Structure formats: C-alpha cells, structure tokens
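In what follows, a structure is listed as structure tokens, so that the remarks can point back to it.
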Amino acid sequence: MADLINIKFPDGKSAKIEKGLSGFDIAKQISISLSKTAIAFKVNGKILDLSRTVENDSEIQILTKEDDEALDIIRHDCAHVMAEAVQSLYPGTQVTIGPSIENGFYYDFARKEPFAISDLPKIEKKMHEIINRNEKFTREVWSRDEAIKFFKSKGEEYKVELIEDLKEDEEITVYKQGEWLDLCRGPHMMSTKQIGKGFKLMKVAGAYWRGDSNNAMLTRIYGTAWRNEKELESHLLQIEEAEKRDHRKLGKEMNLFHFQEEAPGAVFWHPKGWKLFQSLINYMRKRQDDAGYVETNTPDMMDKSLWETSGHWDKFSEMMFRTEAKDEKIYAIKPMNCPGAVEVFKQGLKSYRDLPFLLSEFGKVHRYEPSGALHGLMRVRAFTQDDAHIFCTEDQITQESKTVCDLILSIYKDFGFDSVRIKFSDRPEKRVGDDVVWDKAEAALMQAMEATGLEYTLNPGEGAFYGPKLEFVLRDAIGRDWQCGTLQVDLNLPGRLGATYVAEDGQKKVPVMLHRALFGSLERFTGILIEHYAGHLPLWLSPLQIVVATITSESDNYAFNVKDQLTKSGLVTEVDIRNEKIGYKIREHSNAKVPVILAVGKKEADEKTVSVRRLGNQNTKSIKLDELIKSLQKESLSPIN
RNA sequence: GCCGCAGUAACUCAGGGGUAGAGUAAUUCAUUGGUAAUGAAUAAGCCGGCAGUUCGAUUCUGCCCUGUGGCACCA
C-alpha cells in the first residue's frame, strides 16, 4: 500500500492522495476535463510542470489557460519554440535569454547578420510546425560540468556564461522539446501543442547582452502570445487603437505642432497647439497661485561656474548645451531651473518666518538627450517644466510634501486621471550627504506618503543623488502608464549654492529644498493629453471650440452673425462658408477634432437656431442660439473657475 | 549613443540604372447642396545631404543628417 499524503485545494477542500503522484495525475483524479485543460500546477505557491510529483502534504492548485499565471507560461513556451525555429532556420545562431514579458515574449539571439522583419513570417511558419509536432516539454536536471560541457560543444558561449554565473547550490535544469533543448528554470506546459495559434511575431530590435551598453548588441525578436486567436486579435486591435491616438499623427491632423531637421527634439508650436499649451500653463499658474506659490523667472543661460558650484557640470556637462559670446565666458543653457531658483531665494535676508517659501517657474530647459531617446513630444531636448522649489525647514518636509501630493492628485483629476500610482525612490548607492540626513529625509517623505493614505510602491536605490523622491505615475484612458510629476527632497543644492535663512535662535541655517514638477514637462503632458483624449479635447482645452458651417451661401450672413455672438461670449469660433457640401465640411472638421460643429441653413436663420453636432456623435440637435451659448459657456469653463 | 527600418509633391504613399506616379490637399471653372468626400481642368518634385561606381544614379555602394521600432540613458 502506497503512502498517502494530504493535499489542500484553493476552495478549502482537501484530499488524501498517493505520495509521488504528478500534477497531471492529480488533475486527472479531479476530472478528465481538467487534465485536458491543465497546463501547470501550483504547489505551496510555487508553479511547477505538471510532470513534477508531489511528495509531501501540500496546498495544490491546478492552473489552466484561464489563469493569468498560465499566460506567462504560454509566452515562455512560445519563446522556446521560437528559439528552436530560429536555430533550425539559421544554423550558427546562438541563443541567450528569452523571457515572457507583458503581452508576450522575446528571445535575444547572437548572430552576425541581424534578423529582418522579412524573416519573421518564415520563423512563424516554422513555429507552427514545431507546435503541431506536439513535442513534450521534458525537464532534466544536469550537473554544472555536464551543462557547461554540453553548451560549449554547441558553441553557445552565452549559455555557458549564464551557467557559470549561477550560484553554486542552484539546480541546473534544461527543458527539451523533441531534439531541441534550452537551459531554463521552467516551468513549461506539457507539450508544444498547448501553445495553440494565439501568437504572432511582432518586431526585431537590438538589445545589449545583459542590458549593459558596454556589452555586445544582440538581436531580439519580440512576439505577442495569448490564450487563443481571439485574444490575439483583440490585442492587435488594441495596438491599432493606440496607433490612432498617436500624438504625432493627431498633432499633424489637428495642426498643433511640427518638428524639423534643423531643430531635432525641439517643438515648433503652431497657433492652435500653442493655445493649448498656454491653457495648461494658465491652469497650472492659477492652481499654484491659489496654493501660495510665487512665480519667478530666471536666465536661460548662466556662466558655467554656477553649474560647477551646483554640481551639475560634473555629472551632466555632456548633456548640457553650451554657448559662448565675445567675452569668452562659457555659458550653459539651463538644463534645470533649481540653481536659478536658489539665486532668487538668496536675494535679501530670509527669516524662518518666510518659510516655507514657494517659488514657481515655468522654465524652459534644454538637455542634450541621446538621439535614440527622442520621441515626438514625449521626449524632447527643449521643454518647459512647471517647476517649483519649496524652501523649508527639515521639520516642514512632511507637511509640505503632503500638500504637494494633495495638489497633484487634485490637478490630475481635472484631466480625468483618477488612477495615480506613486513610486517612492530612496537613497542610491552614489549619493551625497550623511546617512543621518538621509534617514531624516526619507522618514519625513515616507511620513508624508503615509499621511496622504495613498498607495505607493518602493523603488529602492532610485532616488536622486541629493535626496529621495516621489514619482507620480498616471494611467490614461486606454490603460497606459505615464510618469509625470515628481517630488524630490534636496539636501544638497541649497548648501552648495549658499542659501541660508535666519532661524529662531538667530543662527544662520541652510534650508531644505523640495523640487517638484506636477505636469513635469508641459510638452510631454500635452502629448499625453492628446493621446488620453484621442484628440477629443474637452471644450476648455480645445484651441478651436466651434465651427459654424453653412449649408448654402444664402446663410453666410447668419453664420457670421452667429460667430460674432459666440466670439463675444468668449467661445473660440471659426466660420466655414466655403463652397462645399455640408457633409464635406462635417467630415473635415470632425477629422480636425473640432468639438462643436454648428450647421446653419435657411431654416436656422429663420428660427434663430443652430443645428448642433458634437464631435464623435452622429446625432444633431436644433436649439436656440442663446440657449447654446449658455450651455457652452458653462461647459467651456476651465476647472479653475 | 548602439542595432534594425525609413526619408519620393503640402499630406498619405506606390515605383525603380535611361532624370517620376496615385489619392487627398491647393488653384480655376461649373455646381447652392441638410450632417463624415459634388464634378472637371490646372499647376505642383534638387526622389534628405555629400561622395563613389556607371556613358548615365532618384534607383546600386559608402559616409552623414533626420525620423522611427527597440536597447541603453533620463538631473
């Protein structure tokens, strides 16, 4: 009689089973249908292959494709199958690593000739073949020497390096699928067949070995993989949806901005785009004024020596633009506003009674970002920050930080960003200042976080070199995350630049500086808003709010009359009296994302009405002009009114 | 910065060793129409830049610039 062990299922039920049964056996005991859909199982929280056996009392959960954790396994299996496909099609290619990632997987290969997009269909076809062969994934435990010898013989230098770097006591496992095998921790499904057809290879890209730019560049193939073809389809559709929102595309269609060769990474704002930009600044200015900030403006160019004192030259001079004039001084174009802010603070003797001192600046900064990083409005070399520096005492850090958190969340809400995550980044390895001071700063900031009651995640070692920081990540309408705001506790700069205040005891003390930006980069935030709203800006942000389009030229006078009244009421309005059909005008202004289109013809002129058509809405409504003005005026109020 | 891809009319893109083509936009004419494209005609280009190969380069090769997908970076 075999030994029995106790197993417990997630639903609380338990059972006695034979010791040494595999996950698959257990699934089969529960039901045949479960054994058919099972792809892995969890033993005491650890995910294992179904072929693994259970030897002790355990908590067991059978995973099927429906479980999110299973999706990772499907993707990882896909990566293996792709690697086999690639090696069979392109002999001599080395495999390195191939994990599952969000929405899919990738595998990095080392090959003299990088892969091209045109190679992907061929690889995909091969993958289908391998999947249809229904190869069993089998797990084997190898000795370190055996593994090294094997991969060396195959010429897999990268794998050898991986094995050599494994800890002494770590079990070395390989997974086989037919003839092909890979060094892998697992787990995997029972067979390649279970992957099904819900995958697609997406793109090729370069990637550094082990993510280090000093290492060799490998070629990476990305794929996406899902439970079935239907899920794959819907994912592809979602990508298409995101592409439609691309701010670079919409920016052109809406005539907001452009870029050109002569100014890489710098925006040419068109009148409509600039109006939107200004609306954001006006909004932020009001919010900050209300919150007790005073606005300043500091020079765009300052002598290099100031940047040496601040420490920026040392760390970032490579990324700073510089210029010189006749006097042979070297001027740096500011990459940050903080030194300027400190200089303003330093004017006049400050007392502890002046603290906290809230100094804001819409400063335009320039940074020589690496060429490969540039991306539309999202990553540019010249951008405007809604910057502010709060000079305060150490005791005020918590309160001031909390106030900033409250302000930022209230501001994001006004744009429909209700879901905001916060990342707390503490001391990095390379830093300035005593640990005692760091303890204090981190504790104060942490206390502020706790006081807000907001959710946050720890981001260890990611703080600025001068202090810990918070990063505010908002989620847009289609679920993408964008890091925007930041709050940094700076225990370094004020001292370096000689800022002081007179404390209660009459002694001069160095203030703490909180460095914060809420939108972050106005350029970037504009881009995010365009994508978030898919170009359908709310009325208060829309640079052009209304177009009055005539049905026939008979109504031109009435159209101008309507426009005048709308303009007088503070609504930004244009008239379209072109010799075109109304359908044509509607189409054009809809494409340009004009929020309100008013069609006027003989009927409207006679009745003193307009026919209203809202963007994204097929319905039209005929209403009295007065009435419309009242409702649009109300709607176009910015949240600060 | 690194790897790949791309740059052709104002825009979106096709083409390809013998100096260019479509749709949209623009202009002109006709048309005055009821909610996502009225019709016709006209004009429009140093085929990103510089070199090389060639009788001849927009096409092939190299370098550079810019964009783009990733990687790395992001005070």
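Naming: A, B, ... by sequence-line order, numbering from 1 per chain. Note that the structure is predicted; figures quoted are calculated from it, not measured.
Between B/C73 and A/Arg367, no contact under 4.0 Å exists linking OP1 or OP2 to a side-chain N or O. Within the 4.0 Å cut-off from OP1 or OP2 of B/C74, not a single side-chain nitrogen or oxygen of A/Tyr368 is found. Dashed line: the shortest gap from a side-chain N or O of A/Gln488 to OP1 or OP2 of B/A75 is not under 4.0 Å. Distances shown here put a side-chain N or O of A/Ser371 below 4.0 Å from the OP1 or OP2 atom of B/G1. Within the structure, every side-chain polar atom (N or O) of A/His375 is placed at least 4.0 Å from both OP1 and OP2 of B/G70. Between B/A75 and A/Lys334, no contact under 4.0 Å exists linking OP1 or OP2 to a side-chain N or O. Between A/Arg248 and the phosphate of B/G69, there is a side-chain N or O to OP1/OP2 separation shorter than 4.0 Å. OP1 or OP2 of B/A75 has not a single side-chain nitrogen or oxygen of A/Lys315 nearer than 4.0 Å.
The base of B/G34 sits within donor-acceptor range of the side chain of A/Glu604, with an N or O pair under 3.5 Å. In this model, a side-chain donor or acceptor of A/Ser553 finds a partner on the base of B/U32 within 3.5 Å. The base of B/A36 lies close enough to the side chain of A/Arg613 for a donor and an acceptor atom to sit less than 3.5 Å apart.
Nearest to the side chain of A/Pro264, among B/A75, B/G67, B/C73, sits B/G67. Among B/A75, B/G70, B/G7, the nucleotide with an atom closest to any side-chain atom of A/Met320 is B/A75. The side chain of A/Ala599 sits closest to B/U35 out of B/G1, B/U35, B/A36. Here the nucleotide nearest the side chain of A/Tyr208, chosen from B/G70, B/C71, B/A75, is B/C71. Side-chain proximity of A/Phe316 to B/A75, B/A72, B/U38: nearest is B/A75. Minimum atom distance to the side chain of A/Pro370 is reached by B/A72, of the listed B/A72, B/G69, B/U35. The side chain of A/Leu374 lies closest to B/G67, out of B/G34, B/G67, B/A75. When distances are taken from the side chain of A/Pro114 to each of B/G4, B/C2, B/A75, the shortest belongs to B/G4. Listed nucleotides B/U35, B/G34, B/G70 differ in distance to A/Ser611; the shortest reach to its side chain belongs to B/U35. Comparing B/A25, B/C3, B/U66 by their nearest atom to the side chain of A/Tyr584 picks out B/A25.
Nucleotides B/G48 and B/A14 are separated by 14 Å at their P atoms, to the nearest Å. Annotation: B/G45 and B/U19 have their C1' atoms spaced 12 Å apart (nearest Å). Taking the C1' atom of each, B/G56 and B/G69 are spaced 37 Å apart, rounded to whole Å. Atom name P, nucleotides B/U8 and B/C46: the rounded distance is 12 Å, in whole Å. With C1' as the reference atom, B/A6 and B/U12 are 15 Å apart, rounded to whole Å.
With both pairing distances under 3.5 Å, B/A25 is matched to nothing as a Watson-Crick or G-U wobble pair. Nucleotide B/A37 forms no Watson-Crick or G-U wobble pair with any nucleotide shown, as no partner meets the under 3.5 Å limit on both distances. Within the shown strands, B/G49 is the pairing partner of B/C63 under the Watson-Crick or G-U definition, both distances less than 3.5 Å. B/A20: no Watson-Crick or G-U partner with both key distances under 3.5 Å is found in any strand. With a 3.5 Å ceiling on both atom-pair distances, B/U32 lacks any Watson-Crick or G-U wobble partner. Across all strands shown, B/U68 forms a Watson-Crick or G-U wobble pair, both distances under 3.5 Å, with B/G4. Pairing for B/A57 is absent, with no Watson-Crick or G-U wobble pair whose two atom distances lie under 3.5 Å.
Residue A/Asp212 contributes atom CG, which lies 13 Å from atom C1' of B/G1 at whole-angstrom precision. Atom pair A/Ile221:CD1 and B/G4:P shows a separation of 14 Å (rounding to whole Å applied). Atom-to-atom, CG of A/Asp246 to C1' of B/G69 comes out at 12 Å; the value is rounded to the nearest Å. In this structure, A/Glu580 atom CD and B/G39 atom C1' are separated by 11 Å, rounded to whole Å. Rounded to whole Å, atom C1' of B/A36 lies 11 Å from atom NZ of A/Lys593. For the pair A/Tyr222 OH and B/C3 C1', the interatomic distance rounds to 12 Å; values are reported in whole Å. Regarding A/Ile117, its CD1 atom lies at a distance of 11 Å from the C1' atom of B/U68, rounded to whole Å. Rounded to a whole Å, the CD atom of A/Gln260 is 20 Å from the P atom of B/G7.
Few gaps surround CE on A/Met217; more than 12 heavy atoms of other groups in view lie less than 6.0 Å from it.
Using a 4.0 Å heavy-atom cutoff across all strands shown, A/Ala205 reaches at least one base atom of the nucleic acid. At a threshold of 4.0 angstrom between heavy atoms, the contacts of A/Phe465 with the nucleic acid are absent. Heavy atoms of A/Gly601 sit under 4.0 angstrom from at least one base atom. At a threshold of 4.0 angstrom between heavy atoms, the contacts of A/Gly311 with the nucleic acid are absent. Among the heavy atoms of the strands lying under 4.0 Å from A/Thr552 is at least one base atom, whether or not backbone atoms are also near. Residue contacts shown for A/Lys603 include a base, since a base heavy atom lies under 4.0 Å away. No contact: A/Asn214 has no heavy atom under 4.0 Å from any strand. A/Met202 comes within 4.0 angstrom of nothing in the nucleic acid, heavy atoms only. Across all strands, A/Gly376 comes closer than 4.0 Å only to sugar-phosphate atoms, never to a base (heavy-atom distances). Across all strands, A/Gly616 comes closer than 4.0 Å to no nucleic acid atom at all (heavy-atom distances).
Comparing A/Leu218 and A/Val600 by the nucleotide of RNA chain B that holds the closest heavy atom to each, the one mapping nearer the 5' end is A/Leu218. Both A/Glu554 and A/Thr219 lie near RNA chain B, and the one whose nearest nucleotide falls closer to the 5' end is A/Thr219.
Residue A/Thr384 is tested with A/Lys364, A/Arg524, A/Glu523 for a side chain to side chain donor-acceptor pair (under 3.5 Å); the sole match is A/Glu523.
A/His258 has its ring centre less than 6.0 Å from the ring centre of A/Phe268. In this structure, the ring of A/Tyr558 has its center no less than 6.0 angstrom from the ring center of A/Phe560. Ring pair A/Phe115/A/Tyr90: centre-to-centre distance below 6.0 Å.
In summary, A/Arg245 and A/Glu240 do not engage in a salt bridge, as defined by a charged side-chain N under 4.0 Å from a carboxylate O. Comment: A/Asp435 engages A/Arg427 in a salt bridge, judged by a side-chain N to carboxylate O separation of less than 4.0 angstrom.
The side-chain tip of A/Arg322 does not point at the ring of A/Trp307 from less than 6.0 angstrom away and within 45° of straight on.
Counting only distance, with no hydrogens or angles, the side chain of A/Arg614 and the backbone of A/Ile597 share no donor-acceptor pair below 3.5 Å.
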